[in-house]
Amino acid sequence: MLAWQPVGGTDDPSEPARHDLRLSIPVAVAEVERLSGIEATAAENRPDRRSTSATGRVFTMRYDVDEVAGNAWAAWREMGRPVSPSGRQLDALHEASEPARRARSLPVDDGGRVDLDLTIGRHGVTLVTLDAVRDETPAWLDDTRILGRG
């Protein structure tokens with residue numbers, strides 16, 4: 001799903017600095033699984049797995065580009081607009097050009113929809129990908145035995 005600043009796009013002070021959106025996206029878990037390349041028959045044949053059924057959740061990966069994130073031009077301005085950037089400056093500009101990334105999982109409701117809340121900054125663009133979550137935890141794995149967990 002791709003979203004961008006829904007109105008305006010100028011630096012006019014009367015425009016809001018951000019836009020809050022709430023989307024309800026229809027998803028069919030079976031379709032998300034198919035698009036994710038998850039094959040139920042292959043997963044069911046793994047005896048070392050606790051469960052291969054869909055959990056009714058989707059994993060979302062969000063990529064943002066706006067005035068701050070993924071903006072090499074803003075970084076170049078902050079560097080003093082070098083005419084011939086050094087190797088170190090080029091590395092920093094390359095890094096600054098990468099979109100901000102956020103990962104999380106969201107529940108699929110009984111109606112087969114995922115509620116997605118987005119805040120998009122001025123001049124912002126957001127790409128959100130959705131993939132089915134499947135619990136493939138090995139039966140022998142016990143989270144309580146991992147160091148630092150009580």
Side-chain angles (χ1 to χ4, degrees), residues 1-12 15-78 87-150:
M1 193 261 331
L2 182 66
W4 56 92
Q5 182 183 8
V7 295
T10 68
D11 290 323
D12 185 333
E15 284 194 34
R18 66 178 207 195
H19 297 278
D20 297 315
L21 304 171
R22 180 169 183 100
L23 304 173
S24 180
I25 302 171
V27 293
V29 173
E31 181 65 10
V32 174
E33 290 172 355
R34 185 186 68 74
L35 293 173
S36 303
I38 298 172
E39 297 180 23
T41 56
E44 289 169 0
N45 292 330
R46 291 187 215 147
D48 62 330
R49 301 295 183 187
R50 203 180 278 172
S51 167
T52 55
S53 62
T55 63
R57 298 187 68 79
V58 294
F59 173 77
T60 66
M61 184 61 118
R62 179 176 173 181
Y63 304 86
D64 288 308
V65 174
D66 57 29
E67 291 181 323
V68 178
N71 191 339
W73 183 72
W76 176 73
R77 276 192 350 246
E78 293 295 324
R88 184 173 175 194
Q89 288 172 319
L90 286 173
D91 289 344
L93 290 170
H94 183 322
E95 205 169 305
S97 72
E98 291 291 323
R101 294 174 180 92
R102 287 177 263 179
R104 67 183 214 193
S105 70
L106 296 170
V108 177
D109 67 19
D110 292 337
R113 301 183 82 80
V114 173
D115 291 327
L116 188 61
D117 294 313
L118 300 174
T119 298
I120 302 175
R122 184 175 291 171
H123 305 296
V125 176
T126 292
L127 173 68
V128 180
T129 61
L130 304 168
D131 293 296
V133 172
R134 297 178 68 84
D135 183 2
E136 295 185 11
T137 307
W140 53 263
L141 183 63
D142 181 1
D143 286 345
T144 60
R145 297 184 66 195
I146 295 175
L147 293 177
R149 301 222 48 191

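For reference, positions follow the sequence shown, starting with 1.
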**OP:** Just jot down the salt bridge (charged side-chain N to carboxylate O under 4.0 Å, His left out) partners of Asp115, sequence neighbours excluded, or say none.
**Re:**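 If we apply the salt bridge (charged side-chain N to carboxylate O under 4.0 Å, His left out) test to Asp115, skipping adjacent residues, the hits are Arg22.
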Subject >> Partner residues of Asp110 under the salt bridge (charged side-chain N to carboxylate O under 4.0 Å, His left out) criterion, sequence neighbours left out >> reply: none
**OP:** Report the distance from atom OG1 of Thr126 to atom CH2 of Trp4, rounding to the nearest 0.5 Å.
**Re:** 11.0 Å
Subject >> From CD (Glu78) to CG (Asn71), nearest 0.5 Å >> reply: 10.0 Å
Set of side-chain hydrogen bond (donor to acceptor under 3.5 Å, both in side chains) partners for [X], sequence neighbours left out:
X      : value
Thr119 : Asp20
Asp66  : none
Glu67  : none

Original post:
With a 4.5 Å heavy-atom cut-off, do Leu118 and Arg62 have their side chains touching?
Top reply: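 Touching, per the 4.5 Å side-chain cut-off.
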Subject >> Criterion side-chain contact (heavy atoms from CB on, under 4.5 Å) on Met1 and Leu116, from CA distance to verdict >> reply: CA-CA 11 Å; Met1 193 261 331; Leu116 188 61; 3.7 Å; yes
Please report the shortest heavy-atom distance between [X] and [Y], naming the atom on each side.
X      : Y      : value
Ile120 : Ala3   : CD1-CB, 3.8 Å
Leu106 : Thr60  : CD1-CG2, 3.8 Å
Leu93  : Trp76  : CD2-N, 3.5 Å
Pro26  : Ser24  : CD-O, 3.7 Å
Gln5   : Arg122 : OE1-C, 3.8 Å

Subject >> salt bridge (Lys or Arg N to Asp or Glu O under 4.0 Å) partners of residues 95-104, not counting sequence neighbours, each pair once >> reply: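 Listed once each, the pairs are Asp64-Arg102, Glu98-Arg101.
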**OP:** Tell me, yes or no, whether the heavy-atom count around Arg88 atom CZ, taken from other residues, nucleotides or ligands under 6.0 Å, exceeds 12.
**Re:**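 Incorrect, the count does not exceed 12.
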